[in-house]
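Throughout, a chain's letter reflects where its sequence line sits, starting with A, and its residues are numbered from 1. Remember, it's a predicted structure, so these values are computed and weren't measured experimentally.
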Number of protein chains: 2
Amino acid sequence: MHTQVIDTLKKNQLNITDSRKTILQLFMQSDGALAHMDIENNTGDEFDRVTIYRTLQTFVDKGIIHTIPSADNAIRYALCKDACSEGHHHDNHIHFMCDHCSTTYCLDHVEVPALQLPGGFMASRTDMVVSGCCNRCSK
Amino acid sequence: MHTQVIDTLKKNQLNITDSRKTILQLFMQSDGALAHMDIENNTGDEFDRVTIYRTLQTFVDKGIIHTIPSADNAIRYALCKDACSEGHHHDNHIHFMCDHCSTTYCLDHVEVPALQLPGGFMASRTDMVVSGCCNRCSK
DNA sequence: GCATTTTTTGCAACCATGTTGCAATGTGGT
DNA sequence: ACCACATTGCAACATGGTTGCAAAAAATGC
């Protein structure tokens with residue numbers, strides 16, 4: 001598991017630093033998406049707030065994680081699939097945010113349906129966020 | 001046009017105040033969605049920042065406007081269709097945000113496709129935001 | 001029209017999220 | 001071990017949004 005973290009960083013030509021190792025590991029251990037706060041809570045005061053923001057931004061730039069918009073005004077991040085690379089995301093799956101436990105899931109197997117947009121509109125990115133009750137909370 | 005503002009406020013059992021009249025009129029004149037900033041810019045310092053936030057919240061609660069999530073960390077608002085009422089939104093249309101001019105459109109005629117969610121997941125709300133180049137900017 | 005009750009506003013203060021500049025420190029390559 | 005460069009931490013700032021409370025403005029009753 002630990003080697004996978006190093007591998008991913010090297011594959012993306014990133015220097016190996018404590019914060020990148022720790023934060024990337026957090027993503028690999030988590031099944032859902034993480035907001036900045038989740039990371040800060042999980043690392044204590046090991047890293048500065050700013051370092052976390054910059055590390056997340058670096059990962060997004062490299063295509064390691066992608067952002068998930070939300071109505072509650074806090075950007076969440078989740079690991080990209082292998083198909084993503086620098087400057088080119090392929091995260092056309094939908095996201096699910098649970099109203100009860102606030103966990104955000106990437107529903108990798110639910111494809112975003114194709115849309116017929118009005119004339120003149122050209123889509124470059126589609127975000128689909130479904131909220132409701134997740135499979136753990138509905139039991 | 002002005003009577004329509006008053007009508008809408010009365011229909012929702014809201015007192016008629018300057019801020020509500022002015023802000024609601026702004027929405028009716030605008031074709032796209034408005035963020036808090038847009039409203040503040042359009043009203044100068046006629047109203048306090050807090051008043052605008054509270055007026056927007058009131059309108060959302062009454063089902064007059066609905067929120068649009070976005071990745072840039074600023075909630076946008078747009079007029080609801082007639083079908084919306086207090087505590088019960090029917091805004092299952094798609095939103096389009098232009099990368100160039102930042103205008104946010106409600107594409108009322110593009111329905112959100114039905115989804116097949118994994119077992120145990122129950123959707124209560126679906127937000128679909130497409131970004132790209134709008135029909136004005138693509139000319 | 002005036003007094004009373006209820007709503008709404010404005011102000012100040014606060015919190016959360018995110019960014020920028022710069023000096024100090026750590027990392028990779030030789 | 002050294003050097004060049006990348007990264008971190010700190011302070012400060014910017015924006016988006018909320019809360020408590022007193023003052024002002026509506027609606028209500030008379």
- Message: Between the base of D/dG9 and the side chain of A/Arg54, is there a donor and acceptor pair under 3.5 angstrom?
- Response: yes

- Considering only side-chain heavy atoms of A/Thr51, which listed nucleotide, D/dA6, D/dT8, D/dT19, is closest? D/dT8

- Task: Name the nucleic acid region contacted by A/Glu46, choosing base, sugar-phosphate or nothing; use a 4.0 angstrom heavy-atom cut-off, strictly under.
- Result: sugar-phosphate

- Message: Taking B/Asp127 first and then B/Arg125, would you say they form a salt bridge - that is, a charged N and a carboxylate O separated by under 4.0 Å?
- Response: yes

- Query: What's the CG-C1' distance between B/Leu56 and D/dT18, to the nearest Å?
  - Reply: 14 Å

- Message: Rounding to an integer number of Å, can you tell me how far B/Asp45 CG sits from C/dT9 P?
- Response: 16 Å

- Under 4.0 Å: is that the gap between some side-chain N or O of B/Tyr53 and OP1 or OP2 of D/dG17? yes

- Item | Step-by-step salt bridge (Lys or Arg N to Asp or Glu O under 4.0 Å) determination, B/Asp48 to B/Arg54 | CA-CA 10 Å; B/Asp48 193 80; B/Arg54 283 198 271 231; over 6 Å; no

- Message: How many whole angstroms separate atom CG of A/Asn15 from atom C1' of C/dG28?
- Response: 6 Å

- Can you tell me if the side-chain N/O atoms of B/Ser19 get under 4.0 Å from OP1 or OP2 in C/dT8? no

- Query: Between A/Asn12 (CG) and D/dA6 (P), how many Å, whole number?
  - Reply: 17 Å

- Item | Side chain to side chain, A/Thr8 and A/Met28, heavy atoms closer than 4.5 Å | yes

- Message: Rounded to whole Å, please give me the gap between CD in A/Glu40 and P in C/dC15.
- Response: 15 Å

- Message: Quick check against the 3.5 Å criterion: does B/Thr43 have a side-chain atom that pairs as donor or acceptor with the backbone of B/Ile39?
- Response: yes

- Could you tell me whether A/Thr58 contacts a base, only the sugar-phosphate backbone, or nothing, with contacts defined as non-hydrogen atoms closer than 4.0 Å? nothing

- Query: In whole Å, what is the span from the CZ atom of B/Phe47 to the P atom of C/dC11?
  - Reply: 13 Å

- B/Leu14 CG - D/dA26 C1' separation (whole Å): 13 Å

- Rounded to whole angstrom units, what separation is found between the NE2 atom of A/His36 and the P atom of D/dG16? 19 Å

- Would you say the side-chain atoms of A/Ser131 pair up with the backbone N or O of A/Met97, donor to acceptor, closer than 3.5 Å? no

- Query: Between D/dC10, C/dT9, C/dG28, which one does the side chain of B/Arg20 approach most closely?
  - Reply: C/dT9

- Side chain of B/Thr17 (C-beta onward), nearest among C/dT9, D/dG9, D/dT18: C/dT9

- Query: Do A/Arg49 and C/dG18 have a side chain to base donor-acceptor pair shorter than 3.5 Å?
  - Reply: yes

